[in-house]
Protein chains: 2
Amino acid sequence: MPRATDTAYETLRRMILSGEAAAGSRLGEAELAETLGLSRTPVREALQRLGADGLVEVLPHRGARVVQWTGADLEEIFELRSLLEPYAAARAARLRPDEPVLAELRGMCAAMERAVADGDLARVAQLNARFHAAVIDASGNRRLPGMLTSVMHAPLIVGTFRRYGADAMARSMNHHRELVAAIAAGDPAWAESVMRAHIRAAAAGLGADQGNQTDEET
Amino acid sequence: MPRATDTAYETLRRMILSGEAAAGSRLGEAELAETLGLSRTPVREALQRLGADGLVEVLPHRGARVVQWTGADLEEIFELRSLLEPYAAARAARLRPDEPVLAELRGMCAAMERAVADGDLARVAQLNARFHAAVIDASGNRRLPGMLTSVMHAPLIVGTFRRYGADAMARSMNHHRELVAAIAAGDPAWAESVMRAHIRAAAAGLGADQGNQTDEET
DNA sequence: GGAGGGAAGATTGCATACAACAGTCCTGGA
DNA sequence: TCCAGGACTGTTGTATGCAATCTTCCCTCC
């Protein structure tokens, strides 16, 4: 049986990422505790973890709110991603992961392409997050995953793929395939370039490089 | 009056960074609570925050321990720093901070040089951390400070400057001065290059690029 | 009519008590 | 002598109650 804190954390995380807990909405400890059937203590702990992840902001004596992403936030996030993820891809290529890892990456590519064909964008987003996480793990740098969690959440919330056209979506899937090929070939420069193109394309698709405002009032 | 959680967090952070709490040592909640004159609740919360910062590792049902840095850890950390901090320096130069900010940076340079002359290495380390934090803040990216906290702690703990010779120390001080000049001149490429050199020099001084092991058993 | 002050309500912060789990030590058996 | 099993002890995890703080609304005064 998992710890109550973990269940609270996972549940809240899902609620936020799925949009069930709207951006900017208040997260009262007592209310959540009652909803989840727990006491305030593990809920409080989960909220702090979510705060460290950058999914909620907790203010002293004022409770927690789901974060709101502005255009400036997205711009910052994609700049950091286009800095760190190409590095991770290059490292992964240099490390030459063994065949089971590569097979898993290819499997995720295939699953994503099926989800695209089915029009299941939520599943695409989820698989995409797992794919990128796998590449980051394959980099061998054990600090990168933790560093990137905060910036990896944003696209999930904003709903990147919802804004993609058919061509952008196809390009994104091709990037994934090419990235796996570059890593399998052990070519760091290739992997790095593909990943950078992949991130920049995503940023362009969101208009994150133009400083668009997507925030709204509570 | 500050919150008990904050005092616990700050106190524990100082204890870890100063070495008073040795690397690998256990941090029992009850014991700390008694020492600090608080209850377990805020101590527990502080430990989780320190865990998110990467200063301690908390294992379920097994409590918290002060992290131990291996040579591989240092290598990872300096790679990430040499990726992110040059970017921050370039952004700061592009933003052209106003004169008060530049004056503060110059003031910290001067204070550091005085501390070096006095042989007060602890003060040098503290000022150095504040200097780098100021440059990162000047980058304008509000996510960078949080991302870098975990990797900025390591050099403080390991005691970077303790291993510096006179020439390496002088070079480091010159880097700081040159970095301020590059930012003041609004030259991103210059600022980025100086910062990269600065970080690589630090890594070389620690042997972080050679995979040395500095860990030990409890 | 608008601004300032204060009281009431609600919410977070902290302390304490109890429950559950992990590690250790002892005992019994092979 | 060594291994296995189980109780014991100490620690963390969770629940609950109280104190402190913030927010809101209303009343008073300008």
Side-chain angles (χ1 to χ4, degrees), chain A residues 1-16 20-68 146 215-218, chain B residues 1-16 20-68 146 215-218:
Chain A
M1 181 167 59
R3 295 186 303 170
T5 299
D6 294 333
T7 67
Y9 174 78
E10 294 296 338
T11 306
L12 288 172
R13 185 168 176 278
R14 273 194 310 110
M15 283 172 63
I16 294 170
E20 187 180 345
S25 63
R26 241 181 84 61
L27 297 174
E29 296 175 3
E31 180 187 348
L32 292 173
E34 182 149 16
T35 304
L36 301 174
L38 303 168
S39 84
R40 275 180 51 211
T41 309
V43 171
R44 185 181 175 78
E45 212 155 299
L47 286 174
Q48 300 226 211
R49 282 176 62 183
L50 291 167
D53 288 351
L55 280 178
V56 308
E57 59 180 350
V58 294
L59 292 89
H61 294 286
R62 270 191 250 179
R65 309 181 81 86
V66 180
V67 290
Q68 299 210 109
D215 54 333
E216 53 211 16
E217 284 309 304
T218 307
Chain B
M1 184 164 60
R3 294 186 304 170
T5 298
D6 293 333
T7 68
Y9 174 77
E10 294 294 340
T11 306
L12 288 173
R13 185 169 175 277
R14 273 194 311 111
M15 282 172 63
I16 295 169
E20 188 179 345
S25 63
R26 242 182 82 63
L27 297 174
E29 296 176 4
E31 181 187 346
L32 292 173
E34 182 151 16
T35 304
L36 300 173
L38 302 167
S39 84
R40 274 180 52 210
T41 309
V43 170
R44 185 181 174 80
E45 211 154 300
L47 286 174
Q48 301 225 208
R49 283 177 59 182
L50 290 167
D53 288 351
L55 279 178
V56 307
E57 56 179 352
V58 294
L59 293 89
H61 292 287
R62 270 189 251 178
R65 309 180 81 85
V66 180
V67 290
Q68 297 210 107
D215 54 331
E216 54 211 16
E217 284 309 305
T218 306

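All chains are named by letter (A, B, ...) in the order of the sequence lines, taking the proteins before the strands, and each is independently numbered beginning at 1. From a predicted model like this one, the values you see are computed outputs, not experimental measurements.
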Can you find a heavy atom in the side chain of Leu32(B) that is under 4.5 Å from one in the side chain of Thr11(B)? no

Ranking Ala4(A) and His61(A) by the position along DNA chain D of their nearest nucleotide, the one closer to 5' is Ala4(A)

Starting the side chain at C-beta, find the nucleotide from dT16(C), dG23(C), dC21(C) nearest to Arg62(B). dG23(C)

Is Glu45(A) paired with Arg44(B) through a side-chain N to carboxylate O contact shorter than 4.0 Å? yes

Does a side-chain N-to-carboxylate-O contact under 4.0 Å join Arg65(A) and Glu57(A)? no

Value in whole Å for how far the P atom of dA15(C) lies from CZ of Arg44(B): 15 Å

Residues Asp6(A), Arg13(A): salt bridge by 4.0 Å N-O rule: no

Measuring to OP1 and OP2 of dC14(C), would you say a side-chain N or O of Thr5(B) lies under 4.0 angstrom away? yes

Atom-pair distance (CG on Leu59(A); C1' on dT21(D)), nearest Å: 14 Å

In this structure, how many angstroms lie between the P atom of dG23(C) and the CZ atom of Arg65(B), rounded? 11 Å

Rounded to the nearest Å, what distance is computed from the CD atom of residue Glu45(B) to the C1' atom of nucleotide dA15(C)? 13 Å

Within this structure, what is the CG-to-C1' distance between Asp6(A) and dC21(C), rounded to whole angstrom? 14 Å

Here the distance between atom P of dC14(C) and atom CD of Glu29(A), to the nearest Å, is 11 Å

Is it the case that the base of dG13(C) and the side chain of Arg40(A) share a donor-acceptor contact (distance under 3.5 Å, atom types as modelled)? yes

Leu32(B) CG to dT11(D) C1', straight-line distance once rounded to whole Å: 13 Å

Is there a side-chain contact between Arg26(A) and the phosphate of dT12(C), meaning an N or O under 4.0 Å from OP1 or OP2? yes

Looking only at the side chain of Ser39(A) (C-beta and beyond, no hydrogens), which of the listed nucleotides dC14(C), dT12(C), dA15(D) gets closest? dA15(D)

Any Thr7(B) side-chain heavy atom under 4.5 Å of Leu36(B) side chain: no

In whole angstroms, how far is the C1' atom of dA19(C) from the CG atom of Leu38(A)? 15 Å

